[in-house]
Amino acid sequence: MDENKAAFEPRIIAFVCNWCTYAGADLTGTSRIKYATNVEIVRFPCTGRIDFMLLLKAFAAGADGIIVSGCHPNDCHYTSGNFHARRRWIVFRGLLDFLGIDVRRIHYYWVSAAEGAKWAEVVNQTVAEIRELGPYTEYKKVANYIEETEAAHE
Amino acid sequence: MNNWNKQIADMLADGTVALVIGYEEGSTPQKTRPLFCHDAVAAERLVMDGRCTHNLAVYLTKKELLPAEGRIGVVATVNVLKSALQLMQENQIPEGRFLLMAVGPEGKLTELPDAESLRQYIAAHPLPDNPEVAALIEKIDAMSREERWAYWQECLSKCVKCYACRAACPLCYCTRCIVEDNRPQWILPWASTLPNIEWQINRVMHMAGRCTGCGACYAACPLHLPIHLLTKKLTQEINREFGTERPAKGNVLSTFSPDDKENFIH
Amino acid sequence: MKNYQIKHSDLDGWLEKIIAAGRRVIAPVTEEGHTDFRPIHSPAEVAADDQVQTIQSAKQAAFPKAETLFSYRKEGTAVSLDQPAPESYLQTVVWRARPCDAAGFTPLSAIFNWDYKDNLYNARLARTTLVAFSCQQADAYCFCTSVGGGPGEKKGCDILVTKLPSGKALVEVCTEKGEALAALAPGLFSEANAVADDSPLFAEKQSALAQLPARFSKEDIRRHLAEAFDSPVWREQSERCLGCGACAFVCPTCACFDIQEDPHGSHGRRIRCWDSCAFALFTQHTSGHNPRPSQATRWRQRILHKFSYMPERLDATGCTGCGRCSRACPVDMNLLEHLTSIAQK
Amino acid sequence: MDRLIDNPYLPYVMTVERITQEAPGVKTLRLRFKNPEEAENFQFRAGQFAEYSAFGEGECTFCIASPPTRKGYVECTFRQAGRVTSGLSRLEEGQEMGFRGPFGNTFPIEEWKGKNLLFVAGGIALPPMRCVIWNVLDRRKEFGNVTIIYGAKSVADLVYKDELKEWDERPDVQLYTTVDPGGETPDWKGKVGFTPAVLEQVAPSAENTVAIVCGPPVMIKFSFPVLEKLGFRDDAIFTTLENRMKCGIGKCGRCNVGKLYVCKDGPVFTKAQLNGLPPEY
């Protein structure tokens, strides 16, 4: 790992479901497991409720990586929300990849309420991988762009 | 006057249909355009041939254009029929309201009064895949991710947000589109690269498994941006992942299978 | 102002000098068979001069599709504002516009200055130099001669270049801005005579222009429109209209805009962006009430605004006959055809 | 701030000095210029409107609800409905916001000297009139009888409740307040009925009288025939139009009714003028 990458602290946004992953992350804390502090958690009732636009908004707002995590299959609090989400992510990933958006920066996990240790692990792993990829500057550049008619933007 | 024009003129004259939507000659010999026939005389202007590419199904959900009473005839291409069927499956148009009609090669008019007859006609008249579209998708697939991003960024930076792609699509029928919502403002409403990309992602995601592949979005784009590649690619992905069969009611994303792949979820 | 001659083969050399002078140059560029204005960095990028027109008009030089009106910053309860310095607007040259592009700036300027002065537009226009090329061909959508323009018309141009059959091009300089551009390559130009109505040069210029007989007059249209508000023609013509904004966005005179917010937490910008009277939401009130509730009423507004209200209020016609709206329309709403039918009613 | 160019879209920065909750969802903001020099140079006349900015949300059009006779501040009253009005509603006293104006034409108050004035207002449309009413009351001797008929959906929806009380107590103002049937409370002392019906009941004389009518389209629609019956001439009936607008300065292309721009030629129109306009409002 070169020096620049070591100095770079990735900003990770995690979209998690309330019933499994959020509780799991809570358990990580109460179990006093130490893990990377780069993650900001946004809690949703269910992975099925996570609009794909939120992922794009996270990148536009400066995220370098994204975690999407919810209940394991058959464990959804609403029976099938995670199944619907899974199908949506399959389609969405395909489209993003075709557009050249870096799908390696979006990590999907199932983390249950009992998997406090796994949460620490997936965050650490995501941070390490995003650190390796570096900041997502190509997306940020586009996000802040408005017109090429002013000298300031040249 | 063709025989089928005469038949339609008679239907308008005797009140079988109150309005017929079809095609007429356009501004140049190379193109035709949509025509609303309110009377038998106008039916003389109807044409049907390979130049008829507008997806007339877009008018079927525009209530302000349609008479309150009576049936509405549509002289349709297969693409129009496919979209009309999809609209019926999504409960956007009632089955009996429209009399869809196809014109055969010898000018024979086939009436398709219900969803079942549409289904059969569409099955019997499969549309060939456009090799140019397939080749373009292959070309983009072969690019590196960075090249793909550069390609689409350059391409969509030109978009002026006229929303012709939305307006021309029969399945973009929401009365209030996500881009018109400002609480929250999901997509910034002016034309610049990122909001343009976000708009296309939204348009295409909302088409997942619903797009009939007619290409009206691309044909409508005044800047000729190849946005139909996005819907086409999405359809390819869906076919590969979930098969080519579509649910009879609802759509691919409103259902699921416990066996859907999850090799990307850890 | 002076007239010059330049060899066809020296035009690229002149453009090179213009680019070298650090101007932002936008010019017709052909990509995938379609030609539109794009920023260029070398004369080689410019499309061959065989197309009638670009997809979009040149209005973007002074009226970009999105621009910053001002920016704000909030600190505690206080707000401070900042606005773009006109000096930051790039000196822009529009290369090989058409006379109908140049003509579009007259109605645009009228809209932006008829009462309050829109100095953002004015500052951009002051930094824009239009090098128009006379039209040697027209297509089925062109009708500049019906609305007071012409394929060799100078109005609104800073420079009008007409490629003559002799292999020379006539360069008619119309403004100081134009003169400054010619002065960038003095070696390439030789002085030419004034183009008087009976001069051989005039005849030579005329011979190089596209032939486009007028189909109607602005006055005919205006007279008919005075009585046409309740005419069934609006519904008839607009039935196939899809309600997109393509016609407005490619139009050289459409100036309707929206004002929107670009917030980034405690700071942000207010943005002006193109809008279109064809959109249903354009006039809709928060309550849901819409003064122009149908596509027919919106089509009527488009035509009346351009051909009736603007002439009366701003002494300008909102159309240069470029035909771009008709070419861009996904359902072939042909303005020439529609106006002709109105003029003949 | 240094104004590099005269930018007509650049608002004045104003401080929210006082917030009054007028009715459910309806607030009045009193705004003071942050820059005293701008306050000094600021002038407007009754009937004019302005663009109010909640930075981060956008801009919204309302009339200036305070009278020009009260110097040093301007007030606006609005109902929270969309994104910008919600943003304005969230402001607290002491916070800063934007103000662009004054725009549009005015009520010809000077021409009304010596005449009787009849104000007919419905709901949230009292603000444009309040500006005129206070302007008139501040120069009370110059005008004849002042009659105000004001209706709202319910008692809670009446705005400017303190001022209504003040006007009611003044011997030189005839005030009739009314609420729609079903909108009354047990202790409601005003009238019950739709505003046009109350107007018919009160039947003010048209003799030497100017009527100013502001309200929702349906109220205006039913009030005009009543006024006609009472003998009001079309050029003695004034109203304001409220078409959607963005720029306020005759450029953005939204607000025109036929060839007239509501933002430039309006918002004040006489019924005689409206008779000659297409129904695009």
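Below, each value reflects all heavy atoms present in this structure, side chains not excepted, and no hydrogens, waters or symmetry copies. A quick note: this is a predicted structure, and the numbers were derived from the prediction, not measured. Here is the naming used below: chain letters follow the sequence lines, and residue numbers restart at 1 for every chain.
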* Heavy-atom distances under 4.5 Å only: say whether Ile106(A) touches chain B with side chain, backbone, both or neither. =>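 It is neither, since no heavy atom gets under 4.5 Å.
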* Asked: Side chain, backbone, both or neither: which part of Asp97(A) has a heavy atom under 4.5 Å from chain B?
  ->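 Its backbone and side chain both get close to chain B.
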Smallest separation among heavy atoms of [X] and [Y], with atom names:
X	Y	answer
Pro73(A)	Glu262(B)	CG-OE1, 3.4 Å
Arg86(A)	Asp260(B)	CZ-O, 3.5 Å
Arg88(A)	Leu253(B)	CA-CD2, 4.0 Å

Rounded to the nearest 0.5 Å, what separates atom [atom1] in [X] from atom [atom2] in [Y]?
X	Y	atom1	atom2	value
His84(A)	Thr255(B)	NE2	OG1	6.0 Å
Phe92(A)	Leu234(B)	CZ	CG	11.0 Å
Phe52(A)	Glu198(B)	CZ	CD	10.0 Å
Leu194(B)	Lys140(A)	CG	NZ	13.0 Å
Ile101(A)	Ile201(B)	CD1	CD1	4.0 Å
Ile265(B)	Arg93(A)	CD1	CZ	9.0 Å

When heavy-atom pairs shorter than 4.5 Å are enumerated against chain B, which of [options] gives the highest number?
options	answer
Val111(A), Leu54(A), Val91(A)	Val91(A)
Met53(A), Gln125(A), Lys57(A)	Met53(A)
Leu56(A), Leu99(A), Val122(A)	Leu99(A)

* To do: Could you tell me how the ring of Tyr139(A) sits relative to the ring of Trp149(B): parallel (under 30°), tilted (30 to 60°) or perpendicular (over 60°)?
  =>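 The arrangement is parallel - the two ring planes meet at less than 30°.
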* **Structural part of Asp259(B) lying under 4.5 Å from a heavy atom of chain A** =>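 It is the backbone, since no side chain atom gets that close.
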Without swapping roles, check the side chain of [X] against the backbone of [Y] for a donor-acceptor pair under 3.5 Å.
X	Y	result
Lys233(B)	Leu95(A)	no
Trp152(B)	Phe98(A)	yes
Arg87(A)	Val252(B)	yes

* Can you tell me if OH on Tyr22(A) sees more than 12 non-hydrogen neighbours from other groups inside 6.0 Å? ->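 Counting other residues, nucleotides and ligands, OH of Tyr22(A) stays at 12 neighbours or fewer.
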* Which residues, numbered in order, of residues 129-138 of chain B come under 4.5 angstrom of chain A by heavy-atom distance? ->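 The list, in residue order, reads Ile137(B).
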* Asked: Going through the checks in order, is the side chain to side chain contact (heavy atoms under 4.5 Å, CB included) test met by Ile90(A) and Phe242(B)?
  -> CA-CA 10 Å; Ile90(A) 292 171; Phe242(B) 314 121; 4.0 Å; yes
* Is it true that Arg145(B) and Glu138(A) have a side-chain N and a carboxylate O under 4.0 angstrom from each other? ->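 Yes, this pair counts.
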